[in-house]
Amino acid sequence: MTTDATTGTPRTAHTADLAPAELSAIRALLDDAFEGDFSDEDFEHGLGGMHALVHDDAGRLVAHGAVVMRRVRHRDRWLRVGYVEAVAVRRDARRRGLGGLVMAELERVVDRAYDAGMLSASDEGAALYAARGWEVWRGRVCALGPQGVVHLPDEEGTTFVRPALAGALDPGFELLFDWRDGDVL
């Protein structure tokens, strides 16, 4: 299924349902959109969950985003978090609402399947997320690294949260993210 002005609905698919050519197209879009600053680890972080894909009338991928499950401890409880990854719009298709279409579909998944939604925003993406009601996390951000708990001050101010099934989270308590390659040295 393609997305155009008449349908307005991205195609959603789990990573397991994407053909190798689709995964290659996603990677190419991300490499282009992030101007070569999208690592293999970044790409891997966006796999294993649900993808929202927008194609133009010629069948070319023009926008993508994914939501994957992560575990995050908050107030001594481990939450199932829908973590948004790999959101990008092809450069020549920006400012047409495609990022919003992708996010609407990812938010639908987060709202129905996860305790909360979270993401780490680039400077360019922060305005999109804020406009959609995502809130900057005002508390401490940490990860469980190979040597134990690691404070991630660079993630503070760029981590966004969307309440879902667990309700609002208290920024008086830290977010402790599960560890994954590339996040903690």
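The chain is numbered in sequence order, starting from 1. Values below: every heavy atom of this structure, side chains too, minus hydrogens, waters and symmetry copies. Everything numeric in this text was worked out from a predicted model, so none of it was measured.
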>> Within this structure, what is the CG-CZ distance for the pair Leu152 and Phe177, rounded to the nearest 0.5 Å?
In response: 8.5 Å
> Between Met103 and Val84, is a side chain to side chain contact (heavy atoms under 4.5 Å, CB included) present by the stated rule, with each step listed?
Replying inline: CA-CA 9 Å; Met103 285 304 298; Val84 174; 4.1 Å; yes
>> Using only atom types and a distance under 3.5 Å, with no angle test, would you say the side chain of His64 pairs donor to acceptor with the backbone of Ala86?
In response: yes
> What closest approach, in Å, do Trp179 and Pro146 show between heavy atoms, and which atom pair accounts for it?
Replying inline: NE1-CD, 3.6 Å
> Of all heavy-atom pairs between Leu176 and Ala143, which one has the smallest distance, and what is that distance?
Replying inline: CD1-C, 3.5 Å
>> Side chains of Trp137 and Glu155: any donor to acceptor distance under 3.5 Å?
In response: no
> Within the side chain of Arg91, is there an N or O that forms a donor-acceptor pair under 3.5 Å with the backbone of Asp32?
Replying inline: yes
>> Between Arg80 (side chain only) and Ala113 (backbone N and O only), is there a donor and an acceptor less than 3.5 Å apart?
In response: yes
> Is it the case that more than 12 heavy atoms not belonging to Asp76 sit under 6.0 Å from its CG atom?
Replying inline: no
>> Could you measure the distance from the CD atom of Glu44 to the CG atom of Asp40? Nearest 0.5 Å is fine.
In response: 8.5 Å
> Are the side chains of Leu144 and Val149 in touch, meaning some heavy atoms are under 4.5 Å apart?
Replying inline: yes
> Above 12 or not: heavy atoms from other molecules or residues under 6.0 Å from CG of Asp37?
Replying inline: no
> Stepwise, does the side chain to side chain contact (heavy atoms under 4.5 Å, CB included) test hold for Ile26 with Phe43?
Replying inline: CA-CA 9 Å; Ile26 292 167; Phe43 184 66; 3.9 Å; yes
> Is any side-chain heavy atom of Arg90 less than 4.5 Å from a side-chain heavy atom of Arg60?
Replying inline: yes
> With sequence neighbours excluded, what pairs up with Phe38 under the ring-ring contact (aromatic ring centres under 6.0 Å, His included) test?
Replying inline: Phe34
>> Using every non-hydrogen atom in the two residues, find where Gly48 and Thr15 come nearest and quote the distance to one decimal.
In response: N-OG1, 2.8 Å
> Is there side-chain contact between His74 and Asp170, with heavy atoms separated by less than 4.5 Å?
Replying inline: yes
>> Using 0.5 Å steps for rounding, measure from the CD atom of Glu22 to the NE2 atom of His51.
In response: 9.5 Å
> How close do Leu29 and Val89 get, heavy atom to heavy atom, and via which atoms?
Replying inline: CD1-C, 4.1 Å
>> Please evaluate residues Tyr83 and His45 with respect to the criterion side chain to side chain contact (heavy atoms under 4.5 Å, CB included), reporting the C-alpha separation (whole Å), side-chain torsions for both, the decisive distance (0.1 Å), and the verdict.
In response: CA-CA 9 Å; Tyr83 201 83; His45 294 168; over 6 Å; no
> Is there a donor-acceptor pair under 3.5 Å between the side chain of Asp42 and the backbone N or O of Ser39?
Replying inline: yes
> Quick one: does NZ or CZ of Arg132 land under 6.0 Å from the six-membered ring centre of Phe160, within 45 degrees of the ring axis?
Replying inline: no
>> With rounding to the nearest 0.5 angstrom, report the CZ to CG distance, Arg75 to Leu169.
In response: 9.5 Å
> So Arg73 and Glu174, side chain to side chain contact (heavy atoms under 4.5 Å, CB included) or not? Walk me through it.
Replying inline: CA-CA 8 Å; Arg73 191 184 73 198; Glu174 71 185 12; 3.4 Å; yes
> Going from OG on Ser24 to CG on Asp31, what distance comes out if it is rounded to the nearest 0.5 angstrom?
Replying inline: 10.5 Å
> Can you list the residues that meet the salt bridge (charged side-chain N to carboxylate O under 4.0 Å, His left out) rule with Asp111, with sequence neighbours excluded?
Replying inline: Arg162
> Is Asp115 salt-bridged to Arg71, going by a charged N under 4.0 Å from an acidic O?
Replying inline: no
> Between CG of Asp17 and CZ of Arg11, what distance do you get to the nearest 0.5 Å?
Replying inline: 8.0 Å
>> Please check this pair: side chain of Tyr114 against backbone of Leu79, looking for a donor-acceptor N/O pair closer than 3.5 Å.
In response: no
> Same hydrophobic cluster for Val110 and Leu165, using side-chain heavy-atom links shorter than 4.5 Å among ILVMFWY?
Replying inline: no
> Does the Glu156 side chain pair with the main chain of Val141, one donor and one acceptor, at a distance under 3.5 Å?
Replying inline: yes
>> When you group the ILVMFWY residues by side-chain heavy-atom contacts below 4.5 Å and let the links chain together, are Met69 and Val109 in the same group?
In response: yes
> How close do Thr158 and Asp154 get, heavy atom to heavy atom, and via which atoms?
Replying inline: OG1-O, 3.6 Å
> Under a 4.5 Å cut-off applied to non-hydrogen side-chain atoms, are Leu53 and Leu18 in contact?
Replying inline: yes
> Which atom pair, heavy atoms only, marks the closest approach of Glu85 to Gly46?
Replying inline: CB-CA, 3.8 Å
